[in-house]
Amino acid sequence: MKTTSIKQPTNDPVVNIVLDTLEKNKQALVFVNAKRSAEKVAEDIARFLRKSKSKQNNELADEILHALPKPTKQCEKLAEVVLYEIAFHHAGLTSKQKELIEDNFRAGKIKIICCTPTLAAGIDTPAYRTIIRDLKRFGVRGYTYIPVLEYLQMSGRAGRPRYDTEGQSIVITTTESEKEAVVEKYVNGEPEDIVSKLAVEPVLRTYILSLIASEFVATKKQLVNFFSKTFWAHQFEDMERLEKIIDRMIRTLEDFEFIETKKSDFVSADEINDEKLKATEIGKRIAQLYIDPLTAHNFIESIRKSGVNKPSSFGLLQIISYSLEIRPRLSIKAKDHNDYTSMAVEYTDELLVPEPQMFEPEYDDFIDSIKTAHFFSEWIEEKDDEYLLEKFDVRPGESRAKLEIANWLLYANEELAKLTAHPLFAREVSKLRVRLKYGAKEELLSLLRLREIGRVRARLLFNNSIKDLGDVKKVDFMKLKQLLGENIAKIVKEQVGEKVEEIKETKRKGQTSLGKFSKKGLNKGS
DNA sequence: GGACGGTGAAACTTCAGGTTGCCTC
DNA sequence: GAAGTTTCACCGTCC
C-alpha cells in the first residue's frame, strides 16, 4: 500500500483531506453517520475556505435558498456553504435541493458533499475520493459497526469509470488498534451473507394475502409449495416449522375475515389434508392497497368504533400514526414526555384505537403516535416548514416523505370505510386527505380545488375575503391579478367559467417563473 | 459592587435511509 | 459510544 502525506493546516483530519482534494482539483464525498454531522462538517470546511476563497455559485445558492415558499434554517445553511462549493446531503433536504446538489456536483460546481448514507447507493458521481469519517452508527443494538456491504457501497462511490481512472476510499480512525480492526473487518474482510426479508410477520401476512387474492394459489398446499421455493425457505431449511408459521398466518387472515377457508370436497388422497383458500371482497381490496393485513384490521376496528359518529381529524391522524407503515414515528424526547401524556388524555374522547395502559409495552408506541398525529395536525393547521423543523426537529424532506405515506394510509382508510358502509367516515377522511396534501385548514378546502392554488395562494385569497368558488367568480379580475399575478389569475378565472381576454405577449416580461406554471395549466385545460 | 461577556468543563440529548402502495381531475 | 448542544460555574473586564 502506498502512503501519501497530506499537509496538516487544521487539526481536523477530514478538513485536511478535503483541502488536499481541492488542491488536486478533485471532488470528494464525505460520509458521516448523522444528518447533523453532515451539516456541521460542511460548515467546518466552508468556515475554513471563507478565509481563502471568493464566493461563487451565487445563483445556485439562491435557488437552494428558495426551494420552499419560505426558507428554513436548513435552507440558509445549505445556501451558505454552497457559496464555497461545499454541500451537505441527507434525507432532510427537499427533493429539489437534493437534485440541485447532485447535478451540480456532476457539473463540477460543487466540489465536496458531506452526506449520510443517502448518497451511498446507486448514484454515479465524479468523486475521486470518498472520505468515510464514521463506520459506526446508532441502531437497534446500540452504537455498532455498519455492515461491510455498506462500507463497500460507500467506497464504491469513488473513482467511477465514467469520470476517473482511479479512486480513493479513505477511512478516518483515531487509534492504531481501531485502524487494524477496520483494515481487518472492512478492507480485507468478506461482506455479510444476504438475509431474506420475507421472514418478518407483516411482510409474510401481506404476501400470503396477496397470493390468495390474486388467485395465484388456491389451496394451502399450493401456498406452502410456493414458499418452499423462496429464498426464505432456502435459508430457513426447516420446512415443517415454516409450514406452521404459514398456517398461523392463514388463521389470522381468516379471523380478520380477509380470506375464507374450506376443506376440499373431493377427497382424493392428495387433497386429504388440503384446504381451499379464497379472499373475501375486503381481503382483495386490502391486497390491492398493499397494506399489512393487521394494519387493515386495526383500521376497520377503528372505523367500526367510530360508528355513525363523525371522526375528528386528530382521531384519524392518530389511527394512521399508530400503524406499522408510518414508522419510524416521531419519538418522544425527555423534555416533552409530559406534554404528550397529557395530550393523550386531552384527546381521549376522539381516539379510535384501544389505548394501552402506561405500564404496557405498547404504551411507548402509543405516545409516539400521539406526537406523530400532533405533527400532522400542526401541518394541516398551516404551520410552515421552519416551525416543524424547530418544534419537531423534522426537516422538510422528511416531512414530505411522512406526508406521502400518511396520504396512502388515509386513502386505505377511506376505501375500507366505503367497503364497510361508513360513508360519513369515508367523507371525513377524504377531506382530511386534501388538507394533508396541501397543509391547509378546513376553511380553504373549497379554494384548493382550483388548479394552481395551493395553501399559500388559497390563504392569500381567503384573507382577502375570497373564500370560495363563488367569491372567485364574483371578484374583479384586476383584484385577482393583483393578488396572484396575471397568468395565475387568468387560469383561476377560467376554472370558474369566466372568460378572460387574451393577454398580450408584451405584457409577459418579468413573469418567467410563472411561465412554467401557466403553460402547464393551460395545456391541462385544453 | 454588579452587570456583562467569554471560556471551558460537565451534563444532557440524540443518533441513516430506502422500498412498496393508491388515485387524479 | 460519541458527537453535538446546552447549561452553568468561573473569571476578567468595564462602568
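Quick caveat: nothing in here was measured; it's all calculated off a predicted structure. Per chain, numbering begins at 1; letters A, B, ... match sequence-line order.
At whole-Å resolution of the value, NZ in K136(A) and P in dA2(C) are 6 Å apart. Regarding I320(A), its CD1 atom lies at a distance of 18 Å from the P atom of dC22(B), rounded to whole Å. Between the CG atom of D336(A) and the P atom of dC12(B) there is a distance of 17 Å, given to the nearest Å. Protein atom CD of E43(A) is 9 Å distant from nucleotide atom P of dT5(C), rounded to whole Å. The distance between atom CZ of R137(A) and atom P of dA3(C), rounded to the nearest whole Å, is 15 Å.
Residue pairs meeting the salt bridge (Lys or Arg N to Asp or Glu O under 4.0 Å) criterion with at least one partner in residues 367-377 of chain A, sequence neighbours excluded, are D336(A)-K371(A).
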Using nucleotides 17-20 of chain B, report all nitrogen or oxygen pairs with the protein that are shorter than 3.5 Å.
| residue | atom | partner | partner atom | Å |
| --- | --- | --- | --- | --- |
| dG17(B) | OP1 | A91(A) | N | 2.8 |
| dG17(B) | OP1 | T116(A) | OG1 | 3.0 |
| dG17(B) | OP2 | K35(A) | NZ | 2.9 |

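Between the side chain of Q168(A) and the backbone N or O of A158(A) there is no donor-acceptor pair closer than 3.5 Å.
Within 4.0 Å (heavy atoms only), E415(A) reaches no atom of the nucleic acid at all. Using a 4.0 Å heavy-atom distance criterion, R141(A) is classed as making no nucleic acid contact. Here R36(A) lies in heavy-atom contact (under 4.0 Å) with sugar-phosphate atoms only.
Heavy-atom nearest nucleotides on DNA chain B were determined for D393(A) and for K437(A), and the one closer to the 5' end corresponds to D393(A).
K73(A) has no carboxylate O lying under 4.0 Å from a charged side-chain N of E76(A), or vice versa, which leaves the two without a salt bridge. Between R36(A) and E39(A) no salt bridge is recorded (no basic side-chain N to carboxylate O distance below 4.0 Å). Using a cut-off of 4.0 Å between Lys/Arg side-chain N and Asp/Glu carboxylate O, E382(A) and R455(A) are scored as not salt-bridged. For R50(A) and E80(A), the salt-bridge test passes: some basic side-chain N is under 4.0 Å from an acidic carboxylate O.
Annotation: side chain of Q288(A) is not in contact with side chain of E415(A) (no heavy-atom distance under 4.5 Å).
Side chain of R285(A), nearest nucleotide from dC22(B), dG4(C), dC15(B): dC22(B). With dA3(C), dC23(B), dA16(B) as the choices, the nucleotide that has an atom nearest any side-chain atom of A34(A) turns out to be dA16(B). Closest approach to the F138(A) side chain among dG4(C), dA16(B), dC15(B) is made by dC15(B) (side chain taken as heavy atoms from C-beta onward).
Here, dG1(C) and dG18(B) have their C1' atoms 26 Å apart, quoted to the whole Å.
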